[in-house]
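The next block holds one structure in the form of structure tokens; read it before the comments.
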Amino acid sequence: MKAWRYSEYGGAEVVKLESDVPVPEPTDDQVLIKVVAAALNPIDYKRRQGILKGNDAPLPITLGYDVAGVVVKVGSEVKKFKEGDEVYGDIAYKAFDEPKQVGTLAEYTIADERVLAPKPKNLDFVQAASLPLAVQTALEGLERADFSEGKSILVLGGAGGVGTFVIQLAKHVFGASKIAATSSTAKLDFLKSLGADLAIDYTKHNFEELEEKFDVVYDAVGQSDRAVKAVKEGGKVVAIAGAVTPPAFLFVVTSKGENLRKLNPYLESGKVKPLLDPNGPFPFDKVKEAFSYLETNRATGKVVIYPIP
């Protein structure tokens, strides 16, 4: 099969499209998926640069975490899926602790049953592929911060892959009393369209100087030293990037199909929407270009690879 792999750590130049990669074989609790679409995430290029070098899977590594596709083979102990099922998920149960050698930027991939969910009926494969890692990171961060109905939240990086879902989930799933979010000037209206009550232009204003403080600050950009100044006494600061200043805490998402199943009703009702970067999707032979674009940090929403042959 064709797959995008790297055999050494480094920049985008180490990634190569190989055409003679063996199709992976699922174990008893795994399924083999014909990949229809796959999304890119910052962890993909950070891993390629060597962030997991100490405990990474053996090289060569096939890139990709997010997948939407069709089950073509199931292991003997798989109960929830059968051949022909349309599924989506983030295939790495714990991205840092148990790195996978086989990723999703390939014609086929394998995934544990526990990380997959049925594809929402109203979404196409491109939309579904854009969701798993980012939407689960948003959900788990809100849960870890004990976010609940009536609380206020400030989202740093509200227009990014994770931030867009933090805003939507805070509003439609958790029932936030007030949502503030930061972005560049051009994306302020976009934040409001997602449900932000207050859109803050980080090029003109320092969010930590606002008189108002928040029950939760969700830091998706790596500014916890400033985020801790914007939280109420006794509030929570959750971070997914950068060095952490106490009392902020950092976490890495655990991928669970049950979390996607929990969100499927909100996705199928249209309350929570996937957000695709307008420059995509990128075709399978343009993966390097897609990574170069993602690494500019200018993407709005998710960068997806489609079609995959």
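Only heavy atoms go into these numbers, but all of them, side chains included; no hydrogens, no water, no symmetry mates.
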Taking all non-hydrogen atoms of both residues, which atom of [X] and which atom of [Y] are closest, and how far apart?
| X | Y | value |
| --- | --- | --- |
| V14 | Y9 | CG1-O, 4.0 Å |
| A170 | F147 | CB-CE2, 3.9 Å |
| G89 | L260 | CA-CD1, 3.8 Å |
| L154 | A181 | CD1-N, 4.2 Å |
| T137 | Y218 | O-OH, 2.8 Å |
| A106 | M1 | CB-CE, 3.9 Å |

[Y] backbone acceptor or donor facing [X] side chain under 3.5 Å:
| X | Y | result |
| --- | --- | --- |
| N122 | L267 | yes |
| D219 | G222 | yes |
| S224 | P246 | no |
| K273 | G270 | yes |
| D44 | N41 | yes |
| Q101 | P60 | yes |
| S130 | K302 | no |
| Q136 | K256 | yes |
| E268 | K121 | yes |

Are more than 12 heavy atoms, taken from residues, nucleotides or ligands other than [X], located less than 6.0 Å from that residue's [atom1] atom?
| X | atom1 | value |
| --- | --- | --- |
| K2 | NZ | no |
| D124 | CG | yes |
| F174 | CZ | yes |

Are the charged groups of [X] and [Y] less than 4.0 angstrom apart, N to O?
| X | Y | result |
| --- | --- | --- |
| K229 | E208 | no |
| E258 | K262 | no |
| K236 | D146 | yes |
| R47 | D56 | yes |
| R5 | E18 | yes |
| E13 | K288 | no |
| D85 | K82 | yes |
| E8 | K53 | no |
| E113 | K80 | no |

Close side-chain approach of [X] to [Y], heavy-atom, < 4.5 Å:
| X | Y | answer |
| --- | --- | --- |
| V238 | F251 | yes |
| V15 | F291 | no |
| I179 | L198 | no |
| I308 | V36 | no |
| Y65 | K100 | no |

Would you kindly confirm whether [X] and [Y] end up in one hydrophobic cluster when ILVMFWY residues are joined by side chain heavy atoms under 4.5 Å apart?
| X | Y | result |
| --- | --- | --- |
| Y202 | L191 | no |
| Y93 | I43 | no |
| V78 | I110 | no |
| V221 | L133 | no |
| F284 | Y6 | yes |

Worksheet item: Would R48 and E295 count as a salt bridge (Lys or Arg N to Asp or Glu O under 4.0 Å) if you check the C-alpha gap in whole Å, the side-chain angles of each, and the deciding distance to 0.1 Å?
Response: CA-CA 12 Å; R48 187 200 70 218; E295 290 176 54; 3.2 Å; yes
Worksheet item: What residue pairs, at least two apart or across chains, pass salt bridge (charged side-chain N to carboxylate O under 4.0 Å, His left out) with a residue in residues 170-182?
Response: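 Sorted result for residues 170-182: K178-E212.
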Practice prompt. Kindly determine whether Q30 and D112 satisfy side chain to side chain donor-acceptor pair (under 3.5 Å), including the steps that lead there.
Written response: CA-CA 4 Å; Q30 291 182 324; D112 300 349; 3.0 Å; yes
Answer with yes or no whether the side chains of [Y] and [X] bring together a donor and an acceptor at under 3.5 Å.
| X | Y | result |
| --- | --- | --- |
| D277 | T300 | no |
| D201 | T185 | yes |
| N264 | K119 | no |

Worksheet, complete the sentence: The reported gap from CD1 in I91 to CG in D66 (rounded to nearest 0.5 angstrom) is 9.0 Å
Fill in: Spacing of CG belonging to D90 relative to CG belonging to L131, to within rounding of 0.5 Å
11.5 Å
Worksheet item: Given V87 and V31, is the side chain to side chain contact (heavy atoms under 4.5 Å, CB included) satisfied, shown in steps?
Response: CA-CA 10 Å; V87 296; V31 301; 5.6 Å; no
Worksheet item: Can you check salt bridge (Lys or Arg N to Asp or Glu O under 4.0 Å) on K73 and E25, steps first, answer last?
Response: CA-CA 9 Å; K73 191 175 184 181; E25 187 63 32; 2.5 Å; yes
Practice prompt. Go through the steps to decide whether R114 and E98 satisfy the test salt bridge (Lys or Arg N to Asp or Glu O under 4.0 Å), and finish with yes or no.
Written response: CA-CA 14 Å; R114 64 182 171 175; E98 304 166 17; 3.7 Å; yes
